[in-house]
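No hydrogens, no waters, no symmetry mates; every other heavy atom, side chains included, goes into these values. To find a chain, count down the sequence lines: A is the first, B the second, and so on, and within it residues start at 1. The model shown is predicted, which means the values in this text are computed figures rather than measured ones.
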Amino acid sequence: MAELPKAYAPREVEDRWYEFWESHGLFRATANSSKTPYTIVIPPPNITGVLTMGHVLNNTIQDILIRWKRMQGYEACWIPGTDHAGIATQNVVEKALLQEGTNRHQLGREEFITRVWEWKEEYGSTIIKQLRKLGASCDWERERFTMDEGLSNAVKEVFVRLFDKGLIYRGKYIVNWCPHHRTALSDDEVDYTEMQGNLWHIRYPIEGSKNVAVVATTRPETMLGDTAIAVNPHDERYKSLIGKTAVLPLVGRKLPIIADELVDMAFGTGMVKVTPAHDPNDFLMGQRHNLQQVNIFDEEGRLNESVPKQYEGLDRFECRKRIVKDLDAQGFLVKVEPHQHSVGRCYRCNTIIEPYLSDQWFVKMKPLATPALRVVHEGIVRFHPDRWVKVYEHWMTNIRDWCISRQIWWGHRIPVYYTTGGNYTAARSEDDARTKLGVGPDMPLRQDEDVLDTWFSSWLWPFSTLGWPEDTNDLRFFNPTNTLVTGPDIIFFWVARMIMANMEFMKGFPRADGRPRTKSKDLVPFRDVYFTSIIRDAQGRKMSKSLGNSPDPLDVINEYGADALRFTIAYLSPLGQDVLFSTEKCELGRNFANKLWNAGRFLLMNKAELLSKVSDQDKRSTRESLGQETFGRRGLEKNLDLENLPEEHLDLADRWILSRLNHAIRAFNDALTNFRINESTKILYDFVWHDFCDWYAEFVKTRFYGDEPSEVKRVVVQRALWVYDRALRLLHPHMPFVTEELWQHLSERNGASLMRAEFPTVDERWFDEKTEREMAFVQNVINAVRNIRGENNILPSSEVRVHVRPAAQHRALVFEEYAQYLKRLARVEQVDFISPTWVPKLAASAVVNGAEIFVPLEGIIDVSAERRRLEKEITRLEQLVESIEKKLGNPQFVERAPKEVVQKEREKEENVKTSLEKLRRNLEQLSY
RNA sequence: GGGCGAUUAGCUCAGUUGGUUCAGAGCGUACGCUUCACACGCGUAAGGUCGUAGGUUCGAAUCCUACAUCGCCCACCA
């Protein structure tokens, strides 16, 4: 066995093990195994994406869960894949085309699509490769893409089914229009930003009246599309005007003055211009009052032919200036007020969106939402943290129809076919469409030009990736999946819609046992949804490209190691809170990996030393004290097997670490079961660092370097290795690389991997309260001596003597048993017992659980430092006594608090008082 | 306008049902250590009236109410 380097070097380890795992098929999951399935579908990253810290967090959590369950014996399946990301991808490729001096219109649709596919082949798997660096144990043979053949079929199938059911319809609606992309956007794809704008007050003459109507608007150019003026029906100021006719300045169109509840009397003048083609509210009023809809823009936001000649062809913002100027010149402009309002922008290109009237496809959401609302309400799908349930319920009960058509080229083309006569239907193929439309092969059919919203393929992800609409074993076995890990920002885009889709389309589909699915728990796409934190920088700002505050995870991995990054990010992310991340924080994970590494190195050195001794003895051909069955190196190797915990020669430290280990296992499983990821990391950190390294390893040293027989030493090392082996297993989901590397060094594994080793289970036998109490006492004694040493500036290299006076309840034996520990851990050369009355002079002292400890200071230090230390401790205890006496002096407390609490308080009082007396006496002695 | 979250040591945060010598950890700081795994380390220490004001209770960092500050989500914004 090669000797381990002094510090853990992740770069030399990580890729090697990842290749090992992958080439040995350890990520693979199979349907219909005898195991219980545990499935996670990855939130498919965009093919345009590169790995961000957000992905790191998200995928680390998924990997922790999947590795944990895999080791626990589940058929753990993590399905990876990517999303075609319609608008985003089209953007990227169009930019590339611009560089080449061409554009998509010159190329034509077919050629453009070819170019996007080429781009996808070259760059589309960047993020997938990066996930491997992180250690993600996805089943790569299952990798899917939202536009691959199978998923495209699923999309078509879903569209046709919804269409045939009457849940997909086509209609003229006001949509959010991006003039740059020339496409409609769903409400969720619009970002609102506060902007300083103006409120222009415009005067509209009224026919047959000297009165005028003054309206206020933030978008004066839209007046060209006005077809009415509206006031609130309860507005006394304007009641007389209702039914009259106003004249539209600059255009001359006659506008009826109507009354509608939508008008807010308090805003502006209380009179509103109505532009049904260019404002969502006006559109509604237009429908109620049968108003004309005048569309004044073209697809790029320029004024079209329906406006007066002088404005035609102008850009919308250019036109705004002209209109304001002209109104002013002709005396129609009353005033201009600065006005702060929020403006919708395209989430991709930041262009100000224009409410625009156009033909679009919609999904009726209400029927789909009802069951999906119920399963979350009833807890069949659970959210973590559960406060998102409220947000979900609010959105789902007020759900609006989903605009699914996009006027771009990259995406799933809408499977609707039109005859020349204007009949149409949705169909799986053109032939299918002819049948449904009842037309022969002579009739030319035209397919709809639009493509579907990207989310129309991703909402099918939990079942389309498993083969739907085909009836596959995979689909029967792995759906419903178990846990979804995603950001709360896509709860509506994605999470809600997946619940709706899975429930709708998996209805009646066979379960693993072949029976049709009817119950909610078989129909939901997943049972638990974990909403991850948002990663921010150290100043609390969102990570973003433009701020340049987002570290490249690959750089971080290169510098600190993947395990360090994984552990740190998991450590920092409490459920439901934001994470403030900075690269330097990875020192936490790196240091911890190194600590773990060195603990292993230490044990392996002990093991090697044992082995070398055996070799010596071999030469002498003796069986000396190595145990009956151990002859030579091979025998010892075999005897150091880590499968079975050796239970002979157990001392306090052994019983203690086994108790701690089992507590850690239980707490760890508990934490992960409840999605308290950061708590799970703290449990591991504390167990490994503070229990195992700080204490147990030191206890092992006392026995290993002490004068125990070889046989005992062997057992001590073997047991320590066994405990360490369990720690590696516990840590593997969080830190797969370093644990695998170490685990392989512990013993000959013959091709086995820690990835598939059994996860530790709790063994109740080892829970041992008494041992933990006794060990706490030993630790306190050691701490007390260390404290005296530290406060009195005693050099670590110089050993001290210690006098001990056990309290009445202590067995003196306890001290004799643990004297060796005290000697090593507090650097004490000799421990001796003193009579009940003798108080050493010039000695530092402490009282631990009633036992008195004296460290003679003669010749070592001045007394004043020790006096200060004692006085401080005395003050602390005095305050404690005071608060206890106050409590016990309160008759209400004694009467009403539970008896145990009162009893404990009394005991505490007594103990503290005795300690105080002793300390005071010791202080007095010191003063002589 | 409606809803949600946060506020604990200089910084970043734990603290699960109210009660164990409960006010904790990591980082940072100070002091001392190259002690036979680890200086990416070891030991010791300093540092907080748990945002404010009330309330419930024998007892509140923890439960309730109001307020303040910061942040997020939804709706509206002519």
Side-chain angles (χ1 to χ4, degrees), chain A residues 4 6-8 192 194 199 215-219 222 230 262-264 267-275 279 281-282 339-343 385 387-388 390-391 394-395 398 488-489 491-492 534 536 538 540 560 564 571-572 574 576-582 584-585 587-606 670-671 674 676 678-679 682 685-686 690 693-694 697 701 705 783 786-797 824-827 876-877 880 884 887 890-898 900-902 904-905 907-908 911-912 915:
Chain A
L4 297 180
K6 203 168 164 184
Y8 171 57
Y192 288 90
E194 284 292 315
L199 203 51
V215 302
T217 178
T218 54
R219 296 187 301 154
T222 61
L262 218 56
V263 179
D264 179 356
F267 189 90
T269 59
M271 293 185 119
V272 177
K273 58 192 272 306
V274 184
T275 321
D279 182 279
N281 286 327
D282 293 6
H339 178 67
Q340 175 119 355
H341 61 140
S342 74
V343 172
R387 61 187 154 89
W388 291 106
K390 269 191 181 174
V391 179
H394 181 257
W395 191 75
N398 298 292
D489 48 330
I491 185 168
F492 310 133
I534 293 168
R536 298 171 178 280
Y560 293 93
Y571 187 92
L572 290 175
Q577 293 301 119
D578 291 350
V579 175
L580 302 191
F581 181 84
S582 64
E584 309 81 73
K585 288 190 178 176
E587 285 175 15
L588 173 90
R590 182 199 60 185
N591 294 354
F592 182 55
N594 193 243
K595 188 73 179 176
L596 183 71
W597 178 262
N598 275 289
R601 208 162 72 94
F602 160 67
L603 293 177
L604 288 171
M605 282 169 70
N606 286 349
D670 209 48
N674 293 299
R676 294 197 293 261
N678 67 328
E679 193 179 312
K682 288 181 175 75
Y685 188 95
D686 286 343
H690 297 127
C693 292
D694 286 352
K701 280 181 195 170
Y705 296 124
N783 284 336
R786 283 174 169 177
N787 174 270
I788 288 168
R789 295 182 60 114
E791 290 290 281
N792 285 292
N793 291 314
I794 298 170
L795 283 175
S797 52
R824 172 169 281 271
L825 273 73
R827 294 196 71 77
R876 191 181 72 86
L877 291 184
L880 193 59
I884 297 170
K887 232 186 221 184
N890 179 353
Q892 305 251 36
F893 171 73
V894 180
E895 236 169 77
R896 304 174 87 152
E900 311 89 69
V901 176
V902 178
K904 267 185 185 160
E905 212 61 31
E907 282 168 20
K908 207 201 295 179
N911 290 336
V912 175
S915 296

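Contact annotation for A/Asp264: base contact, defined as any heavy-atom pair under 4.0 Å involving a base atom. A/Pro898 comes within contact range of at least one nucleobase, with a heavy-atom separation under 4.0 Å. Among the atoms of the strands shown, only primed sugar atoms or phosphate atoms (P, OP1, OP2) are found under 4.0 Å from some heavy atom of A/Leu199. Residue contacts for A/Glu587: at a heavy-atom cut-off of 4.0 Å it reaches no nucleic acid atom on any strand shown. Using a 4.0 Å heavy-atom distance criterion, A/Phe592 is classed as making no nucleic acid contact. Counting non-hydrogen atoms under 4.0 angstrom, A/Thr218 reaches the backbone sugars and phosphates but no base.
Rounded to whole Å, the separation between the C1' atoms of B/C11 and B/U56 comes to 35 Å. Atom C1' of B/U44 sits at a distance of 43 Å from the matching atom of B/G54, rounded to the whole Å. Annotation: B/C70 and B/C27 have their C1' atoms spaced 23 Å apart (nearest Å). The same atom, P, is picked in B/G26 and in B/C72; the two are 32 Å apart, to the nearest Å. When the C1' atom is compared between B/G48 and B/A14, the two are found 15 Å apart, to the nearest whole Å. Rounded to the nearest Å, the gap between the P atom of B/C63 and that of B/U8 is 16 Å.
The phosphate of B/G41 has OP1 or OP2 within less than 4.0 Å of a side-chain N or O from A/Asn591. For B/C31, neither phosphate oxygen OP1 nor OP2 lies less than 4.0 angstrom from any side-chain nitrogen or oxygen of A/Asn793. Contact check, A/Lys6 against B/G41: no side-chain N or O comes under 4.0 Å of OP1 or OP2. OP1 or OP2 of B/A37 lies within a sub-4.0 Å distance of a side-chain N or O belonging to A/Lys701. In this model, the phosphate group of B/C38 is approached by a side-chain N or O of A/Arg601 to a distance below 4.0 Å at OP1 or OP2. At B/C4, one or more side-chain N or O atoms of A/Lys390 fall inside 4.0 Å of OP1 or OP2 (strictly under the cut-off).
As a whole-Å value, the separation of A/Arg789 CZ from B/C31 C1' is 15 Å. A/Tyr705 has its OH atom 12 Å from the C1' atom of B/U35, to the nearest Å. Rounded to whole Å, atom C1' of B/G18 lies 15 Å from atom NZ of A/Lys904. Rounded to whole Å, atom P of B/G3 lies 18 Å from atom CD1 of A/Ile491. Atom CZ in A/Arg590 sits about 12 Å away from atom P in B/A39, given to the nearest Å. As rounded to whole Å, 7 Å separates atom C1' of B/A37 from atom CZ of A/Phe602. Remark: P of B/G43 and CZ of A/Arg786 are 6 Å apart, rounded to the nearest angstrom.
Judged by distance alone, with hydrogens and angles left aside, the side-chain atoms of A/Asn598 form a donor-acceptor pair with the main-chain N or O of A/Lys6 at under 3.5 Å. A donor-acceptor pair is defined here as one N or O able to donate and one able to accept, closer than 3.5 Å; such a pair exists between the side chain of A/Asn890 and the backbone of A/Gln892. Judged purely by atom type and a 3.5 angstrom limit, A/Asn398 uses its side chain to pair as donor or acceptor with the backbone of A/His394. Between the side chain of A/Arg827 and the backbone N or O of A/Arg789 there is no donor-acceptor pair closer than 3.5 Å.
In the set B/U35, B/U16, B/C74, the nucleotide with an atom closest to the side chain of A/Phe492 is B/C74.
Classified by interplanar angle (parallel below 30°, tilted 30° to 60°, perpendicular above 60°), the ring pair A/Trp395/A/Phe492 is parallel.
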